[in-house]
Amino acid sequence: MKPDKVFQTLDARGLLCPMPIVRSTKAMTEVPEGEVLEILATDKGACVDVPAWCNARKFTLLFQDQQEGVYRFYVKKGR
């Protein structure tokens with residue numbers, strides 16, 4: 001389910017593990033509860049890391065896809 005609105009976009013393209021998660025964690029501190037962070041990454045590991053990070057942090061992974069080597073995630077702060 002893609003959100004109607006994204007609060008913030010984190011461009012983590014070109015970063016290798018663990019930096020997409022490190023930057024996502026920092027970005028999420030600025031996102032209000034219930035709002036959505038869009039994460040863009042090119043590291044294949046993000047496909048495993050982002051869902052696991054969401055589960056560990058009690059965030060909701062709303063949507064995930066891949067187009068032209070870019071992985072896109074929509075993560076809602078909170079459950």
Side-chain angles (χ1 to χ4, degrees):
M1 168 177 95
K2 288 186 180 181
D4 295 329
K5 181 178 94 175
V6 171
F7 178 79
Q8 182 177 342
T9 298
L10 171 68
D11 187 351
R13 292 177 288 187
L15 300 178
L16 299 176
C17 183
M19 292 313 295
I21 296 300
V22 170
R23 297 252 176 108
S24 296
T25 299
K26 183 176 181 191
M28 203 52 111
T29 63
E30 300 173 17
V31 175
E33 190 76 21
E35 294 293 330
V36 176
L37 174 68
E38 175 185 43
I39 303 167
L40 305 175
T42 50
D43 182 9
K44 277 184 149 183
C47 293
V48 173
D49 294 344
V50 171
W53 170 75
C54 289
N55 190 47
R57 299 286 180 147
K58 296 190 173 53
F59 300 145
T60 303
L61 179 60
L62 298 174
F63 179 80
Q64 152 180 1
D65 78 346
Q66 184 268 337
Q67 293 180 3
E68 299 178 14
V70 177
Y71 302 94
R72 179 182 315 270
F73 306 89
Y74 292 110
V75 178
K76 181 175 129 183
K77 189 169 187 177
R79 295 274 181 188

Under 3.5 Å side-chain donor-acceptor pair for Tyr71 and Gln66: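 There is no such pair between these side chains.
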Looking at residues at least two apart in the chain, or sitting in another chain, which of them share a side-chain hydrogen bond (donor to acceptor under 3.5 Å, both in side chains) with Glu35?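 In terms of side-chain hydrogen bond (donor to acceptor under 3.5 Å, both in side chains), with neighbours along the sequence ignored, Glu35 is linked to no residue.
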Within one Ile-Leu-Val-Met-Phe-Trp-Tyr cluster: Phe59 and Leu37, side-chain cutoff 4.5 Å: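 Looking at the clustering, Leu37 is in the same group as Phe59.
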Could you see if Leu10 belongs to whatever hydrophobic cluster contains Leu62? Use Ile, Leu, Val, Met, Phe, Trp, Tyr and a side-chain cutoff under 4.5 Å.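 Different clusters.
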Is there a donor-acceptor pair closer than 3.5 Å between any side-chain N or O of Thr42 and the backbone N or O of Val70?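 Checked: no pair found.
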Under 3.5 Å, is there a donor-acceptor pair between the side chain of Lys77 and the main chain of Met28?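 Pair found, side chain donor or acceptor close to backbone of Met28.
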Do you know the tightest heavy-atom contact between [X] and [Y]?
| X | Y | result |
| --- | --- | --- |
| Tyr74 | Pro3 | CG-CD, 3.5 Å |
| Ala41 | Ala46 | CB-CB, 4.0 Å |
| Met19 | Leu15 | CB-CB, 4.0 Å |
| Pro20 | Ser24 | O-OG, 2.6 Å |
| Glu30 | Phe7 | O-CE2, 3.4 Å |
| Asn55 | Arg79 | O-NH2, 3.2 Å |

For Ile39 and Val75, run side-chain contact (heavy atoms from CB on, under 4.5 Å): C-alpha distance rounded to whole Å, both residues' side-chain angles, the deciding distance at 0.1 Å, then the answer. CA-CA 8 Å; Ile39 303 167; Val75 178; 4.0 Å; yes
4.5 Å side-chain heavy-atom contact, Phe73 and Leu40: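 When only atoms from C-beta onward are counted, Leu40 and Phe73 do not touch, as no gap falls below 4.5 Å.
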Quick check: do Val36 and Glu38 have side-chain heavy atoms less than 4.5 Å from each other?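 With C-beta onward as the side chain, the pair stays apart.
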What distance separates Cys54 SG from Asp49 CG, expressed to the nearest 0.5 Å?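 Those atoms lie 11.0 Å apart.
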To the nearest 0.5 Å, how far apart are OG1 in Thr60 and NZ in Lys76?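 Answer for the OG1-NZ pair, Thr60 versus Lys76, is 5.5 Å.
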Take Asp65 and Gln67 through the side-chain contact (heavy atoms from CB on, under 4.5 Å) test and state the conclusion after the steps. CA-CA 7 Å; Asp65 78 346; Gln67 293 180 3; 3.5 Å; yes
